[in-house]
*Asks:* 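The following block contains the structure, expressed as structure tokens.
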Amino acid sequence: MRLDNMLIAEGVAGPEKGGGVGAAANASAAAGAGDSAIEHSDYRAKLGQIRQIYHQELEKYEQACNEFTTHVMNLLREQSRTRPITPKEIERMVQIIHKKFSSIQMQLKQSTCEAVMILRSRFLDARRRRRNFSKQASEILNEYFYSNLSNPYPSEEEKEALARRCSITVNQVSNWFGNKRIRYKKNIGKAQEEANLYAAKKAAGEGASPYSMSGTPGPMMSPPPGDESSMGGYGMPGMNGSGYSGALGYDLHPESPDV
DNA sequence: GGAAATGATTTGGG
DNA sequence: CCCAAATCATTTCC
């Protein structure tokens with residue numbers, strides 16, 4: 001019913017996917033804006049584990065059910081010597097057994113669903129895998145922010161430029177400015193120091209080049225001496241060993257973290 | 001270990 | 001869409 005559909009939708013039940021668990025070796029980290037590729041393979045690996053356990057258990061139940069059924073059949077056959085037993089009665093017995101076992105399977109399915117839900121919330125919520133930006137990125141963003149304090153709203157192009165220089169996404173730049181604005185406003189008194197600090201830094205670093213905001217937002221501004229915007233992001237997230245323990249003995253042992 | 005800092009998301013308004 | 005504000009979850013610093 002619902003649970004089945006959900007499990008199929010999540011890829012736990014249903015058609016077997018290719019090589020199964022160990023077939024998530026995706027080593028193509030697109031240079032551009034590829035941000036949701038690596039986390040996905042990790043997610044799938046864990047999902048594969050869940051699927052494996054699920055099928056294992058399912059099979060076990062199936063087997064147990066069959067064994068129990070034949071056992072009961074034997075008992076009935078034995079009894080048939082002392083009293084007449086109709087085929088209908090046997091069939092009813094079998095049905096009762098199957099019903100019982102299917103309810104047990106239901107439990108398995110439900111706890112599997114729960115496990116998937118937990119997994120989803122663990123991996124799909126980016127808040128849980130937050131990483132601080134690099135020092136340089138913060139520098140760049142702060143520079144812009146305090147240089148344009150009167151209007152700290154970078155246009156789309158400016159955001160893109162900042163994103164490139166910081167090796168982060170445009171969305172992250174937007175987030176950063178959203179956070180920065182609100183948090184700057186919250187305590188202006190204290191942040192003022194920071195403003196001065198960055199203003200001074202600016203003046204010292206650039207000498208006579210007031211690219212504040214009046215003129216064109218030239219995309220060719222020369223960065224300060226210590227630029228180096230390559231540096232390939234900020235490394236792979238360590239992915240602390242979550243080890244969620246589901247209701248029914250699901251336990252994803254902390255796997256070796258590498259791609 | 002707890003507080004502060006910080007990045008990301010949700011909510012609500014335009 | 002973008003933004004502000006509130007909130008969440010994690011990292012960093014003490």
Side-chain angles (χ1 to χ4, degrees), chain A residues 10 29-47 114-201 212-213 217 219 226 228-246 252-259:
Chain A
E10 297 298 340
D35 45 25
S36 63
I38 291 176
E39 48 212 69
H40 236 61
S41 79
D42 231 4
Y43 169 76
R44 283 160 88 111
K46 296 233 172 186
L47 191 67
E114 254 172 56
V116 172
M117 288 304 216
I118 292 170
L119 183 70
R120 275 177 89 78
S121 73
R122 255 206 101 60
F123 275 81
L124 268 48
D125 186 356
R127 277 180 293 202
R128 294 182 188 267
R129 45 180 13 220
R130 180 176 77 71
R131 308 221 37 89
N132 288 356
F133 297 149
S134 71
K135 210 75 178 158
Q136 308 143 18
S138 300
E139 285 283 307
I140 293 169
L141 293 168
N142 273 315
E143 269 169 32
Y144 184 97
F145 182 80
Y146 288 115
S147 297
N148 303 48
L149 247 190
S150 54
N151 183 35
Y153 298 86
S155 68
E156 188 60 29
E157 293 142 13
E158 287 169 320
K159 279 183 192 172
E160 275 171 28
L162 286 168
R164 268 195 300 275
R165 290 179 59 199
C166 298
S167 309
I168 61 180
T169 68
V170 173
N171 237 338
Q172 286 177 305
V173 173
S174 299
N175 286 340
W176 189 92
F177 273 89
N179 282 322
K180 189 71 184 177
R181 280 190 300 260
I182 191 75
R183 281 162 185 166
Y184 173 81
K185 204 161 59 170
K186 273 211 166 179
N187 50 355
I188 294 183
K190 206 172 132 192
Q192 207 70 305
E193 302 169 19
E194 231 182 344
N196 293 338
L197 198 142
Y198 272 96
K201 205 176 270 187
S212 43
M213 59 176 177
E228 222 39 60
S229 59
S230 45
M231 213 225 141
Y234 29 84
M236 265 290 284
M239 193 74 327
N240 41 8
S242 51
Y244 93 102
S245 46
L252 306 181
H253 55 74
E255 80 295 355
S256 53
D258 62 293
V259 183

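Naming: A, B, ... by sequence-line order, numbering from 1 per chain.
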*Asks:* Side chain of A:Asn179 only, heavy atoms from C-beta on: which candidate in B:dT6, C:dC3, B:dT9 is closest?
*Replies:* B:dT9
*Asks:* Would you indicate, yes or no, if C:dA5 has its OP1 or OP2 atom less than 4.0 angstrom from a side-chain nitrogen or oxygen of A:Lys185?
*Replies:*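 Answer is yes, contact under 4.0 Å.
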*Asks:* So, OP1 or OP2 of B:dA8: does either fall under 4.0 Å of a side-chain N or O from A:Asn175?
*Replies:* yes
*Asks:* Determine: side-chain N/O of A:Tyr184 to OP1/OP2 of C:dA5, distance under 4.0 Å, yes or no.
*Replies:* no
*Asks:* Do A:Val170 and A:Glu156 come close enough that some side-chain heavy atom pair is under 4.5 Å?
*Replies:*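 Yes - at least one pair of side-chain heavy atoms lies under 4.5 Å apart.
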*Asks:* If I take atom CG in residue A:Asn171 and atom P in nucleotide C:dC1, what distance separates them, rounded to the nearest angstrom?
*Replies:*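 Distance, rounded to whole Å: 10 Å.
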*Asks:* Quick one: are A:Trp176 and A:Leu162 in side-chain contact, heavy atoms under 4.5 Å?
*Replies:* no
*Asks:* So which one's nearest nucleotide on DNA chain C is more toward 5', A:Gly178 or A:Lys135?
*Replies:* A:Gly178
*Asks:* In whole angstrom, what separates A:Phe177's CZ from B:dT6's C1'?
*Replies:* 15 Å
*Asks:* If you compare every side-chain N and O of A:Gln172 against the phosphate oxygens of B:dA8 (OP1, OP2), does one of them come in below 4.0 Å?
*Replies:*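 For B:dA8, OP1 or OP2 has a side-chain N or O of A:Gln172 closer than 4.0 Å.
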*Asks:* Would you say A:Arg131 reaches C:dT11's phosphate, i.e. side-chain N/O to OP1/OP2 under 4.0 Å?
*Replies:* yes
*Asks:* Roughly, in whole Å, what's the span from CD1 in A:Ile182 to C1' in B:dT10?
*Replies:* 14 Å
*Asks:* Calculate the interatomic distance between A:Leu141 atom CG and B:dA8 atom C1'; express it in whole Å.
*Replies:*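 My rounded result for the distance is 15 Å.
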*Asks:* Please state whether the phosphate of B:dA5, meaning OP1 or OP2, lies under 4.0 angstrom from any side-chain nitrogen or oxygen of A:Arg183.
*Replies:*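 No, no such contact exists.
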*Asks:* To the nearest Å, how far apart are A:Ile168 CD1 and B:dT6 P?
*Replies:* 14 Å
*Asks:* Measure from the side chain of A:Arg130, starting at C-beta and using heavy atoms only, and say which of C:dT12, C:dA6, C:dT10 lies closest.
*Replies:*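 From the listed options, C:dT10 comes nearest.
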*Asks:* Answer yes or no: is there a side-chain heavy-atom contact under 4.5 Å between A:Cys166 and A:Phe133?
*Replies:*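 A:Cys166 vs A:Phe133: side chains apart.
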*Asks:* Could you check how far CZ of A:Arg181 sits from P of C:dC2, rounded to whole Å?
*Replies:*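 Nearest whole value for this atom pair: 11 Å.
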*Asks:* For residues A:Tyr153 and A:Asn148, determine if any side-chain heavy atom of one lies less than 4.5 Å from a side-chain heavy atom of the other.
*Replies:*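 With C-beta onward as the side chain, the pair stays apart.
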*Asks:* Between atom NZ in A:Lys186 and atom P in B:dA4, what is the gap in whole Å?
*Replies:* 13 Å
*Asks:* Using 30° and 60° as the class limits, which term best fits the ring planes of A:Tyr184 and A:Phe145: parallel, tilted or perpendicular?
*Replies:* perpendicular
*Asks:* Measuring to OP1 and OP2 of C:dC1, would you say a side-chain N or O of A:Lys159 lies under 4.0 angstrom away?
*Replies:*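 No, because none of the side-chain N or O atoms of A:Lys159 sits under 4.0 Å from OP1 or OP2 of C:dC1.
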*Asks:* Rounded off to whole Å, could you give me the OH-to-P distance for the A:Tyr153 and C:dC2 pair?
*Replies:* 14 Å
